[in-house]
Student: 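For reference, the structure I am asking about is given below.
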Amino acid sequence: MLEGLNKISDIEWEVRKGYVDDMAVPGRIFLSEGLGENLEDGAVKQLANVATLPGIVKYSLGMPDIHWGYGFPIGGVGAFDVENGIISPGGVGFDINCGVRLITTPLKKDEFSGIKRLINTLFSTVPTGVGNVAPKKFSDSELEDIMREGASWAVKEGYGMPDDVKSCEESGMMKEASTEHVSTKARQRGRPQCGTLGSGNHFLEVQYAAEIMDDEAAKAFGIEKDQICFMIHCGSRGLGHQVCTDHLGTIENATKKYGIKIPDRQLACAPVKSPEGEAYFGAMAASANYAWANRQMITHMVREVIERDFGVDYNEMKLVYDVTHNVAKIETHVVDGKKMELCVHRKGATRAFGPGSPEIPKDLSAIGQPVIIPGSMGTSSYLLKGTQTAMEKTFGSTCHGAGRLASRSSAKKSHSGADIRQDLLDRGIFVRATSNKVIAEEAPEVYKPSSEVVDIVHRAGLSMKVARLEPIGVIKG
DNA sequence: ATGTGC
């Protein structure tokens with residue numbers, strides 16, 4: 001509910017200092033009155049709690065897809081001064097570098113047929129679902145390289161082409177990775193899973209570009225109307241999950257050790273510049289690199305299938321961009337006219353750097369970075385561009401997706417997976433999933449409409465629409 | 001999200 005929040009504009013709301021005790025800064029949420037009806041009190045409280053943590057700068061921020069999460073809300077951004085601020089695993093989440101990438105093909109919708117066959121082939125090619133393993137179990141030394149080098153490791157091993165790397169945020173590799181802080185247990189979980197899709201909201205979709213809203217940006221990003229594309233949404237699997245679990249323990253101890261007062265145990269944190277904070281950051285970066293290698297390997301599998309079955313040249317399937325939804329990064333931002341080094345936590349939020357940012361590909365410098373916002377199963381996904389407004393208002397951030405409305409358990413009670421699969425088929429969307437249970441949990445109705453969420457970030461100027469993508473085939477874990 | 005709930 002929006003009650004108790006101060007209205008700044010039709011799409012921006014303030015969570016005043018004092019909403020919970022000890023807030024150092026206010027909160028800001030980008031949200032319409034309509035979507036505000038589903039705003040959870042718990043999520044607002046979590047956003048306010050983040051504002052109590054040491055070193056927070058400017059605002060604790062909520063995107064229109066905000067919902068309740070572990071400690072920090074999902075759809076939240078918190079930036080902390082590197083000198084006196086904190087880093088928190090709860091500000092990143094369990095699925096470190098959960099992210100999404102978009103790849104185009106030269107195929108056009110009108111000339112394309114055989115979606116069922118393609119999805120069935122991909123479903124048997126890309127390992128999918130909880131506990132599934134990749135065709136290859138990597139050695140300890142290979143895993144070490146994966147965690148250090150990320151997407152570039154995969155390309156070097158033949159799972160892609162050199163241009164792929166520069167089309168990833170961070171070039172698909174956080175150089176701060178320190179693998180010595182990744183436990184044996186995390187490595188054991190990670191070794192058989194690189195090149196697997198995972199479960200839940202993770203997916204592999206075949207889509208087409210249904211609408212182009214910004215011709216200039218679409219041209220720069222390399223996407224045309226009616227083009228067949230594929231989108232991959234997944235993360236760091238069991239490795240990132242284990243890294244989060246392991247470091248929550250050490251960070252909880254550090255919270256006590258450094259005398260940091262937190263309003264919720266799930267906000268455990270340590271100074272950015274502390275051994276415990278640096279250890280978590282290094283292990284998180286290693287997990288992020290693993291996730292980039294993972295998405296790169298899946299990209300390769302899909303390209304090989306399309307090359308073989310549709311006669312498309314592998315090199316004609318270009319990576320538009322790869323963004324991360326769950327990460328903490330050290331970035332320089334201008335705050336009240338002066339440059340500051342910040343530890344920016346984006347949890348269920350996407351970087352949306354604007355024109356001229358040195359971090360984005362040079363050939364896109366005049367446009368802004370590509371921003372990819374996936375919809376829920378069977379609904380529109382969007383390609384947008386980053387903006388200067390985002391740099392000024394949200395530390396260069398925007399939303400990450402539709403945002404869940406109902407819990408997995410309630411979704412299972414109210415929806416039949418088989419019925420949803422048939423409904424989608426009637427609408428021309430062919431779904432393969434590891435179980436009907438997953439389809440019920442991921443029913444489009446239990447998510448906010450992606451179009452409404454994207455409308456708000458567009459109206460707020462946090463990222464501007466470039467293209468709308470519609471699914472024709474979906475693989476769900 | 002996750003070898004799905006301590």
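What you see is a predicted model; the values in this text were computed from it and never measured. Quick note on labels: first sequence line is chain A, next is B, and so on, each numbered from 1.
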Student: Can you tell me which residue among A/Lys393, A/His345, A/Arg346, A/Arg28 is in a side chain to side chain contact (heavy atoms under 4.5 Å, CB included) with A/Leu61?
Tutor: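 Of all the options given, the one that passes is A/Arg28.
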Student: I want to confirm an ordering. Mapping A/Lys476 and A/Val130 to their closest nucleotides on DNA chain B, which one lands closer to the 5' end?
Tutor: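 First, find each residue's nearest nucleotide; the 5'-ward one identifies A/Lys476.
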Student: What is the separation between atom CZ on A/Arg265 and atom P on B/dC6, rounded to the nearest whole Å?
Tutor: 11 Å
Student: At 4.0 Å (heavy atoms only), tell me whether A/Gln193 reaches a base, stays on the sugar-phosphate, or touches nothing.
Tutor: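 The residue A/Gln193 makes sugar-phosphate contact but no base contact.
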Student: Please step through side chain to side chain donor-acceptor pair (under 3.5 Å) for the pair A/Arg237 and A/Thr196, ending with a clear verdict.
Tutor: CA-CA 8 Å; A/Arg237 310 287 283 109; A/Thr196 66; 2.7 Å; yes
Student: What is the distance from CZ of A/Phe94 to C1' of B/dG5, rounded to the nearest Å?
Tutor: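 One finds 12 Å between C1' of B/dG5 and CZ of A/Phe94, rounded.
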Student: Would you mind reading off the distance between A/Tyr70 atom OH and B/dG5 atom P, rounded to a whole angstrom?
Tutor: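 Rounding to the nearest Å, OH of A/Tyr70 and P of B/dG5 are 14 Å apart.
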Student: Report the relative orientation of the aromatic rings in A/His67 and A/His400; use parallel for angles under 30°, tilted for 30 to 60°, perpendicular for over 60°.
Tutor: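 Correct class here is parallel.
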Student: Is it true that A/Asp164 and A/Gln296 share a donor-acceptor pair across their side chains at a distance under 3.5 Å?
Tutor: yes
Student: Where along residues 231-243 of chain A does a heavy atom fall under 4.0 Å from DNA chain B?
Tutor: A/Arg237, A/Gly238, A/His241
Student: Grab the CD-P distance between A/Glu442 and B/dT4 for me, whole Å please.
Tutor: 17 Å
Student: Can you list everything that forms a side chain to side chain donor-acceptor pair (under 3.5 Å) with A/Ser407? Sequence neighbours excluded, please.
Tutor: A/Ser409, A/Ser410
Student: Base, sugar-phosphate, or nothing: which does A/Lys347 touch, judged by heavy atoms less than 4.0 Å apart?
Tutor: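 Touches nothing.
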Student: Under the rule for side chain to side chain donor-acceptor pair (under 3.5 Å), what residues qualify as partners of A/Tyr208, not counting sequence neighbours?
Tutor: none
Student: Once you round it to whole Å, what is the distance between P of B/dT2 and CD1 of A/Ile96?
Tutor: 12 Å
Student: Using a heavy-atom cut-off of 4.0 Å across all strands, would you classify A/Thr245 as base, sugar-phosphate, or nothing?
Tutor: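 Nothing, no nucleic acid heavy atom in range.
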Student: Quickly work out the A/Asn132 CG to B/dT4 P distance and round it to whole Å.
Tutor: 14 Å
Student: Would you please test A/Trp153 and A/Tyr290 for ring pair (Phe, Tyr, Trp, His ring centres under 6.0 Å) and show each step?
Tutor: CA-CA 10 Å; A/Trp153 171 85; A/Tyr290 177 97; 9.4 Å; no
Student: Figure out the NE2/P separation between A/His202 and B/dT4, and round it to whole Å.
Tutor: 16 Å
